[in-house]
J.: 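Below you will find the structure I want to go over with you.
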Amino acid sequence: MSHHFHLRTSVLPLSSFPGELGARFSPANKPRHPASSVGVAAASPSRTLRHHMAKAVAKEVGAQEAAQGSAALGWAARDASGVLSPFDFSRRAQKDDDVTIKVLYCGICHTDLYTIKNEWGTAMYPVVPGHEILGVVTSVGAGVSKFKAGDTVGVGYFVGSCRSCECCGNGYENYCSGMVLTSNGIDPEHGGAVTQGGFSDVMLVNEDYVVRVPDGLPLDKAAPLLCAGVTVYSPMMRFGLNAPGKHLGVVGLGGLGHVAVKFGKAFGMRVTVISTSPGKREEALERLGADEFLVSRDPEQMQAAVGTMDGILDTVSAWHPISPLFALMKPMGQMVFVGGPTKPLELPAYAIVPGGKGIAGNCVGGIRDCQAMLEFAAKHGITAEVEVIKMDYVNTALERLAKNDVRYRFVIDVAGSLGSTS
């Protein structure tokens, strides 16, 4: 797959430069030679003088750009309606350890929907959402050693952390109390600026929070792996739900669930999809390769599966009864919640105490896990099932996402649609 990239450039008149330099070389202030000048022709500056003038201009323009950063175009929500519209803003200036990325594709996550509608009460408008970002490096800072221009890279849920806590030291930056969200986060290293995400044409990210995309992964279908993929891969590795022959239950067949099925099968596990929707049976078994399908609203099916699973990944983002799910697990089975319902879930003690069953949550994964996940996905041909859209369809896509009307992830063709929407 090849891509053609167009860099946004502009030529400024000398009169637009700041301060004395602009005034000095403005046409309005061009030196005049009075008629009384006898026998003296106006001479053009020497080559040496022109060289020094050009260097002075370049130096001052460079300083201006460094102070102001680069122009960016995105789509942002301005209030809790969650409606997105074109938004011009500025990215910060590139630092020595930064990577500048032209955004090619960006997935749409349920978290984006919750954030722009302020359902978690954290929105700092205007909000440019997006944290499933795939793109190409266009430039790097002088101190960058991991990437170069032309590399295909990804950016996930966060773009910074404290780097000094125990979590950061162990590769779990995703649990750092100072984690900086890719979108709608506070970036203390850059003046407390609010971060803006991947529904935009350019990103600027410290190299330590960028991952390399292996060859062979189709970029549009790989974008959701930056969040959905690592969100299910990370706990499977952490809790031993990656062993061949083990039985994994996956609750919900949506953006996270369908990728969990693919990872489970690639690990050699027996995978059962647990869903409220009987109509998803064929999709789960024939297209995604699950071994079994269980309708959670069917008491007979649920009873027949009691005590059969080693662990369960619950990917559902809406409220649902969870006590019956614990009964499906063997003694000491592990339940991991990776969805984010906005209403509290109900868990009676009897569901976990008698069988010594564990319960945990998981929020995406660290940079190390994300890179390992992409390598594993490339090796086994794992990608998300996506519906690629243009940016001007994004509000309709968000409405459909709220109704779970997508199979299974919307991905915005950012490079193919931004630039003609403003």
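Side-chain atoms are counted along with the backbone in the values below, which use heavy atoms only and exclude waters and symmetry mates.
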J.: Partners of V316 by side chain to side chain contact (heavy atoms under 4.5 Å, CB included), sequence neighbours excluded?
T.: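 So V316 forms a side chain to side chain contact (heavy atoms under 4.5 Å, CB included) with V251, D314, A318, H320.
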
J.: Report yes or no: does T100 contribute a side-chain atom to a donor-acceptor pair with the main-chain N or O of T138 at less than 3.5 Å?
T.: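 Pair absent, no side-chain N/O of T100 close to backbone of T138.
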
J.: Under 4.5 Å between any side-chain heavy atoms of L225 and L374, yes or no?
T.: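 Yes, side chains in contact.
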
J.: Which heavy atom in I116 sits nearest to a heavy atom in G82, and how many Å separate them?
T.: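 Nearest heavy atoms, I116 then G82: CD1-O, 3.3 Å.
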
J.: For the pair N395 (side chain) and E399 (backbone), establish whether a donor and an acceptor sit closer than 3.5 Å, ignoring hydrogens and angles.
T.: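 Between the backbone of E399 and the side chain of N395 there is no qualifying donor-acceptor contact (under 3.5 Å).
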
J.: Is the count of non-hydrogen atoms from other residues, nucleotides or ligands lying under 6.0 Å from M124 atom CE greater than 12?
T.: yes

J.: Between G198 and V414, which heavy-atom pair has the shortest distance, and what is it?
T.: O-CG2, 3.9 Å

J.: Quick one, V205 and V99 - any side-chain contact, counting heavy atoms below 4.5 Å?
T.: no

J.: If you compare all heavy atoms of P224 against all heavy atoms of D220, which two are closest, and at what distance to 0.1 Å?
T.: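 Scanning both residues, the minimum pair turns out to be CD-O, 3.7 Å.
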
J.: Donor-acceptor check, side chain of S234 to backbone of T231, threshold 3.5 angstrom: yes or no?
T.: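 No; zero donor-acceptor contacts below 3.5 Å.
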
J.: Please check if atom CD in Q303 has more than 12 non-hydrogen atoms from other residues, nucleotides or ligands closer than 6.0 Å.
T.: no

J.: Just by modelled atom types, is the V180 backbone N or O under 3.5 Å from a matching donor or acceptor in the D187 side chain?
T.: no

J.: Could you tell me which non-hydrogen atom of N118 sits nearest to which non-hydrogen atom of A80, and how far apart they are?
T.: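 Taking N118 first and A80 second, the nearest heavy atoms are CB-CB, 4.4 Å.
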
J.: For side chain to side chain contact (heavy atoms under 4.5 Å, CB included), just list the numbers for T152 and L219, CA-CA rounded to whole Å, side-chain angles, deciding distance to a tenth of an Å, and then say yes or no.
T.: CA-CA 9 Å; T152 304; L219 302 189; 3.7 Å; yes

J.: Donor-acceptor pair, distance only, cut-off 3.5 Å: does the side chain of D112 make one with the backbone of C109?
T.: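 Judged by distance alone, yes, a pair lies under 3.5 Å.
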
J.: Could you walk me through whether V250 and I312 satisfy the side chain to side chain contact (heavy atoms under 4.5 Å, CB included) test, starting with their C-alpha distance in whole Å, then the side-chain angles of each, then the deciding distance to 0.1 Å, before giving a yes or no?
T.: CA-CA 6 Å; V250 177; I312 293 176; over 6 Å; no

J.: Between V261 and L253, is any pair of side-chain heavy atoms under 4.5 Å apart?
T.: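 Yes, close enough: below the 4.5 Å cut-off.
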
J.: Can you see which heavy atom on Y209 is nearest to which on V159, and at what distance?
T.: CD1-O, 3.5 Å

J.: Can you pull out every ring-ring contact (aromatic ring centres under 6.0 Å, His included) where at least one residue sits in residues 126-154? Sequence neighbours excluded, please.
T.: H131-Y157

J.: Kindly determine whether S183 and Q196 satisfy side-chain hydrogen bond (donor to acceptor under 3.5 Å, both in side chains), including the steps that lead there.
T.: CA-CA 5 Å; S183 168; Q196 304 292 3; 5.3 Å; no

J.: Could you tell me whether E387 and R400 make a salt bridge, using a distance below 4.0 angstrom between a side-chain N and a carboxylate O?
T.: yes

J.: With a distance cut-off below 6.0 Å to the six-membered ring centre and an angular limit of 45° from the axis, does R238 pair with Y233 as a cation-pi contact?
T.: no

J.: Apply the test side chain to side chain contact (heavy atoms under 4.5 Å, CB included) to residues K390 and I412: give CA-CA distance (whole Å), side-chain angles for both, the deciding distance (0.1 Å), then the verdict.
T.: CA-CA 6 Å; K390 299 294 187 181; I412 305 169; over 6 Å; no

J.: Listed by chain and number, what are the side chain to side chain donor-acceptor pair (under 3.5 Å) partners of S85, not counting sequence neighbours?
T.: R78

J.: Between atom CD of E282 and atom CG of L288, what is the distance when rounded to the nearest 0.5 Å?
T.: 11.0 Å

J.: With distance as the sole test, does R91 use its side chain to make a donor-acceptor pair with the main-chain N or O of A72 at under 3.5 Å?
T.: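 Between the backbone of A72 and the side chain of R91 there is no qualifying donor-acceptor contact (under 3.5 Å).
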
J.: Scan for salt bridge (Lys or Arg N to Asp or Glu O under 4.0 Å) pairs involving residues 127-155, sequence neighbours excluded, and state none if there are none.
T.: E132-R409, K146-D208, K148-D151, D151-R212

J.: Sort and list the pairs that fulfil side-chain hydrogen bond (donor to acceptor under 3.5 Å, both in side chains) and have at least one residue in residues 353-362, not counting sequence neighbours.
T.: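 Non-adjacent pairs meeting side-chain hydrogen bond (donor to acceptor under 3.5 Å, both in side chains): Y175-N362.
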
J.: Enter the distance from D413:CG to C106:SG here, rounded to the nearest 0.5 Å.
T.: 11.5 Å

J.: Check ring-ring contact (aromatic ring centres under 6.0 Å, His included) between Y408 and all other residues, then give those that pass, not counting sequence neighbours.
T.: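 Checked Y408 against ring-ring contact (aromatic ring centres under 6.0 Å, His included); matches are H258.
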
J.: Please check: side-chain N/O of R163 versus main-chain N/O of E173, any donor-acceptor pairing under 3.5 Å?
T.: no

J.: Run the ring-ring contact (aromatic ring centres under 6.0 Å, His included) test against F267 and tell me which residues pass, sequence neighbours left out.
T.: F376

J.: For side chain to side chain contact (heavy atoms under 4.5 Å, CB included), just list the numbers for T272 and M309, CA-CA rounded to whole Å, side-chain angles, deciding distance to a tenth of an Å, and then say yes or no.
T.: CA-CA 9 Å; T272 295; M309 301 177 189; 3.9 Å; yes

J.: Where do V230 and P235 come nearest, in terms of heavy atoms and distance?
T.: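 Minimum heavy-atom separation between V230 and P235: O-CD, 4.1 Å.
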
J.: So, taking the atom named CG in D97 and the one named CD in E207, what distance separates them when rounded to the nearest 0.5 Å?
T.: 6.5 Å

J.: Run the ring-ring contact (aromatic ring centres under 6.0 Å, His included) test against F87 and tell me which residues pass, sequence neighbours left out.
T.: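 Applying ring-ring contact (aromatic ring centres under 6.0 Å, His included) to F87 gives F89.
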
J.: Determine whether the side chains of D98 and N206 contain a donor N or O and an acceptor N or O closer than 3.5 Å.
T.: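 Looking only at side-chain atoms, N206 and D98 do not form any donor-acceptor pair under 3.5 Å.
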
J.: Could you tell me which residues satisfy salt bridge (charged side-chain N to carboxylate O under 4.0 Å, His left out) with K265, sequence neighbours excluded, listed by chain and number?
T.: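 Per chain and number, K265 pairs via salt bridge (charged side-chain N to carboxylate O under 4.0 Å, His left out) with D291.
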
J.: SG/C363 to CZ/F158 distance, rounded to the nearest 0.5 angstrom?
T.: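 These two atoms lie 8.5 Å from each other.
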
J.: In plain terms, say whether R281 and E286 are close enough for a salt bridge, that is, a side-chain N and a carboxylate O under 4.0 Å apart.
T.: no

J.: Would you mind reporting whether F337 and M335 have side-chain heavy atoms less than 4.5 Å apart?
T.: yes

J.: T383 versus P218: any side-chain heavy-atom pair under 4.5 Å?
T.: yes

J.: Do any pairs count as a salt bridge (Lys or Arg N to Asp or Glu O under 4.0 Å) and have a residue in residues 247-264, sequence neighbours left out, and if so which ones?
T.: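 Checked against salt bridge (Lys or Arg N to Asp or Glu O under 4.0 Å) - neighbours excluded - the pairs reaching residues 247-264 are K262-E385.
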
J.: Just to verify, what does W120 make a ring-ring contact (aromatic ring centres under 6.0 Å, His included) with, not counting sequence neighbours?
T.: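 Per chain and number, W120 pairs via ring-ring contact (aromatic ring centres under 6.0 Å, His included) with Y114.
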
J.: Test your reading of the model: is there a side-chain donor-acceptor pair from D369 to the backbone of G365, 3.5 Å cut-off?
T.: no

J.: Tell me whether Q334 contacts the main-chain N or O of L313 through its side chain, where contact means a donor paired with an acceptor under 3.5 Å.
T.: no

J.: So, taking the atom named CE in M329 and the one named NE2 in H247, what distance separates them when rounded to the nearest 0.5 Å?
T.: 12.0 Å

J.: Are L204 and I101 close enough that some pair of their side-chain heavy atoms sits under 4.5 Å apart?
T.: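 No - every pair of side-chain heavy atoms lies 4.5 Å or more apart.
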
J.: Please report the interatomic distance NZ(K102) to OG(S200), rounded to the nearest 0.5 Å.
T.: 11.0 Å

J.: Tell me the salt bridge (Lys or Arg N to Asp or Glu O under 4.0 Å) pairs involving residues 320-349, sequence neighbours left out?
T.: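 Qualifying pairs: D310-K330.
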
J.: Donor-acceptor pair, distance only, cut-off 3.5 Å: does the side chain of S277 make one with the backbone of G279?
T.: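 Flag not set: sc S277 to bb G279 has no pair under 3.5 Å.
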
J.: Find out whether P129 and T115 are in side-chain contact, i.e. whether some heavy atom of one side chain is under 4.5 Å from a heavy atom of the other.
T.: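 Result no, sub-4.5 Å side-chain heavy-atom pair not found.
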
J.: For a 4.5 angstrom cut-off between non-hydrogen side-chain atoms, does V194 reach I186?
T.: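 Yes; the side chains approach each other to less than 4.5 Å.
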
